[in-house]
There are 2 protein chains.
Amino acid sequence: MHAVAELAGCSTATVSKALNGLPVSAENLRRVYAAAEQLGYVPNLAARSMRQEKTMTLGMVVNFEGHPRSELLYTFQDLIANMESAGYSVLLSIVRNEGLDLDTLLQRFLAHRVDGLFYWQARPSNALAWYERSNIPVIAVGFRDPECAQLPFVTLDGAPAFAAACRDLKALGHRDFAEIVVDRADPLYKLYPRMRGVRWREIRIGHGEQDLRNAVEKLLTGGAAPTVVFAAPPTSTQLLSIAGELGLAVPGDLSVVSYFDLEDAGLFRTPLSAIRTDYDKLGDAVATAMLDALSGRQVGDVMVPDSAHFVPRASTGPARARPAG
Amino acid sequence: MHAVAELAGCSTATVSKALNGLPVSAENLRRVYAAAEQLGYVPNLAARSMRQEKTMTLGMVVNFEGHPRSELLYTFQDLIANMESAGYSVLLSIVRNEGLDLDTLLQRFLAHRVDGLFYWQARPSNALAWYERSNIPVIAVGFRDPECAQLPFVTLDGAPAFAAACRDLKALGHRDFAEIVVDRADPLYKLYPRMRGVRWREIRIGHGEQDLRNAVEKLLTGGAAPTVVFAAPPTSTQLLSIAGELGLAVPGDLSVVSYFDLEDAGLFRTPLSAIRTDYDKLGDAVATAMLDALSGRQVGDVMVPDSAHFVPRASTGPARARPAG
DNA sequence: CTGAAAGCGCTTACAG
DNA sequence: CTGAAAGCGCTTACAG
């Protein structure tokens, strides 16, 4: 910057003003721009951020417990593009069991003085208190642990799609619903109002295909087995192949619904019925919420409307006849 | 920091040294840590980076021309985790046709004073010269435009898998190979040594399913049509459904190979033969190269060995009998 | 080992 | 409109 000032024949203060659109004489403006151009001057954001309160950097931590659903890439893309258009850059971190723990990461972002944080699948963390103390907006995305209830939360409104799926299935004769839940994940069906006249159960399994295989075998032999099973990928797709191997017909013996749609689900041997979510809408809503928060507005929880739909395909069909009694 | 110094009863210089592991008396060390803890002190990386030459920030720009293959999420995850364990944070940017252009983005990262840049699908850009001038290591990943030949390049060694696919197909009687290339992408088959006794052609189409449909129809009516087609997703999967609609049997009339494997390709009605790549190996190799470059070592091009394999499935089969003459 | 002081590259009252 | 100067929060010779 000194070099620019020297070449332009003015002070660094004038350079700064010229480059930031503050009132400068036309002559100086021209010379500063010319000098900056000639020298290939690139401002140092770190220096700027020491004087101003903002770093124009946002943190995004994605907290995958189990399997990352790769369609999320689209939301990231959309979200990041939105924030970049607003002048921000985003630090991305994808947390897994291995690697640095969440607390360390959240603290590191704090050291970077991020202006805000996107927190996918928000779980409690000590570091969150620091964000609150520092008045850095944190937006929970997708899922929010009850212990993080203080965070504003943006998510898809899955209830109508879920209700539509249940209605369709009930019309097909299903009364016994189940959800397969992996590890310590929270069952999703509990998030939605229960439909009258249907029973729900929770089948909890560990990671690994063998766990799922055992569960499916138990389904086969159990007396009052569910006639339809909900699960998230990759469990929902594994279910299709395992059912095939074990001679369980889908949907003849068991209907299967995937909680999230897959790009190629329609091409499957048994096309997989799924709840399709509109990730672009989610990305846009999250971006809007963050921009609001950054400009000091209070932001509340957002349920993105009309952002999920039940797409029935061949993996759901009429409930199998139940053994009498 | 002043507050910490005051509480600990020493100078800020001593605080800095204590926190950075420089020699300090045990007594001061203890008091500084206690004070920092009590005050919830988080160092300001921006301030630090003004004195030191490093920001501990890396840029990653992913340059998707057409369709982002979402499996890349796994590589990002692996790569980011690696860099974070080494103390870095990474700024991610996913470039598309809409949104900020590449040059703006690269320049913004420069303003952030990134210590290095991962450049997926490296295309020429004016901003690259600035990185070179600033001596910031840039690593091209996945693909490198010939005009970016000066950049060290890390990619999968696809040649053995490609050769294996061609060998298998030739053994099945195929002589006429084609690749479907979307928009202005570069044909991939040209990257590899050509096998003797087979012909290759390039079928260039625009974005949009209709373009592909037209191309497939032309294949049906053309006299000397190829018997096997290579394409990248999503074209390879669209090909399966369009072939179905148009009454073209796969692999009876046409074999299809996907240049990249899809997680659920084995579940398809016609399981899709594909070249499966090991993204973890790529992520690790890229991380290693960057760490090397950051520590001042010269890094050359890296072809990650044994990182791609041909997985024949049901979409490839014997070549159809050719009309005599 | 310790601390006063200079300086990293900016921005912003402030006085002219 | 302009520029000298202070200051953002750190680190690092340097002198003690």
Side-chain angles (χ1 to χ4, degrees), chain A residues 1-33 35-36 39-57 87 89 107-115 130 133-136, chain B residues 1-33 35-36 39-57 87 89 107-115 130 133-136:
Chain A
M1 191 160 172
H2 288 104
V4 175
E6 196 164 343
L7 183 59
C10 64
S11 70
T12 59
T14 301
V15 172
S16 172
K17 286 167 191 158
L19 261 23
N20 289 298
L22 297 180
V24 202
S25 70
E27 172 62 8
N28 267 333
L29 189 66
R30 194 186 55 69
R31 294 168 62 173
V32 166
Y33 267 87
L39 264 32
Y41 170 73
V42 180
N44 183 329
L45 257 36
R48 171 178 300 174
S49 75
M50 289 192 60
R51 295 284 351 222
Q52 308 190 143
E53 65 282 22
K54 318 162 60 180
T55 57
M56 298 307 282
T57 306
S89 296
Q107 217 163 113
R108 191 177 287 173
F109 280 0
L110 222 40
H112 276 284
R113 295 295 187 271
V114 293
D115 293 331
W130 302 17
R133 199 183 314 152
S134 311
N135 226 9
I136 299 171
Chain B
M1 191 160 173
H2 289 104
V4 175
E6 197 164 340
L7 184 59
C10 64
S11 71
T12 59
T14 300
V15 171
S16 173
K17 286 168 191 157
L19 260 24
N20 289 297
L22 297 179
V24 201
S25 69
E27 172 62 8
N28 268 333
L29 190 65
R30 195 186 55 69
R31 294 169 62 172
V32 166
Y33 267 87
L39 264 32
Y41 170 74
V42 179
N44 183 330
L45 256 37
R48 171 178 300 173
S49 75
M50 290 191 59
R51 295 285 348 225
Q52 306 190 145
E53 66 281 22
K54 318 162 59 177
T55 57
M56 298 308 280
T57 305
S89 295
Q107 217 161 115
R108 192 177 286 174
F109 279 0
L110 222 40
H112 276 286
R113 295 294 187 273
V114 294
D115 293 332
W130 301 17
R133 198 182 315 150
S134 311
N135 226 9
I136 300 171

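Below, chains carry the letters A, B, ... as their sequence lines are ordered, and counting in each starts from 1. Hydrogens, waters and symmetry mates are skipped; everything else that's a heavy atom, side chains included, is used.
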Report summary line: Applying the Watson-Crick and G-U criteria (both distances under 3.5 angstrom) with [ ] for crossing and | for other-strand pairs, one obtains for DNA chain D |||.||||||||.|||
**Report entry** Whole-Å P distance, dC14(C) and dC10(C)
**Finding:** 24 Å
Requested in this report: Report the residues that fulfil side-chain contact (heavy atoms from CB on, under 4.5 Å) with Asn44(A), sequence neighbours left out, ordered by chain and then residue number.
Outcome: Ala46(A), Ala47(A), Arg113(B)
Query raised in the report: Do Asp115(B) and Ile136(B) have side chains that get closer than 4.5 Å, going by heavy atoms?
Result: no
Requested in this report: Give every residue pair that meets the salt bridge (Lys or Arg N to Asp or Glu O under 4.0 Å) criterion with at least one member in residues 18-29 of chain A, sequence neighbours excluded.
Outcome: Glu27(A)-Arg30(A), Glu27(A)-Arg31(A)
Report task. Under the side-chain contact (heavy atoms from CB on, under 4.5 Å) rule, collect the residues that match up with Leu19(A), sequence neighbours excluded. Result -> Val15(A), Val32(A), Tyr33(A), Tyr41(A)
Query raised in the report: Going 5' to 3' along DNA chain C, which nucleotides are the first and last within contact of chain B (any atom under 4.0 Å from a heavy atom)?
Result: dC1(C) to dG9(C)
Report task. Kindly write out the residues that satisfy side-chain contact (heavy atoms from CB on, under 4.5 Å) with Ala111(A), not counting sequence neighbours, or none if the list is empty. Result -> Val42(B), Leu45(B)
Requested in this report: Apply side-chain hydrogen bond (donor to acceptor under 3.5 Å, both in side chains) to Thr57(A) and list each qualifying residue two or more places apart in sequence or on a separate chain.
Outcome: none
Query raised in the report: Pick the nucleotide of DNA chain C nearest each of Arg51(B) and Lys17(B); which residue has the one closer to the 5' end?
Result: Lys17(B)
Requested in this report: Take Val24(A) and Thr12(A), find for each the nucleotide of DNA chain D with the closest heavy atom, and name the residue whose nucleotide sits nearer the 5' end.
Outcome: Val24(A)
Report task. Between dA6(D) and dT2(D), how far apart are the P atoms? Round to whole Å, please. Result -> 22 Å
**Report entry** dA5(D) versus dC1(D) - spacing of their P atoms, nearest Å
**Finding:** 23 Å
Query raised in the report: Can you list every pair that meets salt bridge (Lys or Arg N to Asp or Glu O under 4.0 Å) and has a residue in residues 42-53 of chain B, with sequence neighbours left out?
Result: none
Query raised in the report: If you pin Ala47(B) and Leu22(B) to their nearest nucleotides in DNA chain D, which one's is more 5'?
Result: Ala47(B)
Query raised in the report: Given the P atoms of dG9(C) and dA13(C), what is the spacing between them in whole Å?
Result: 23 Å
Query - Listed partners of Ser11(A) passing side-chain contact (heavy atoms from CB on, under 4.5 Å), at least two apart - result: Ala13(A), Thr14(A)
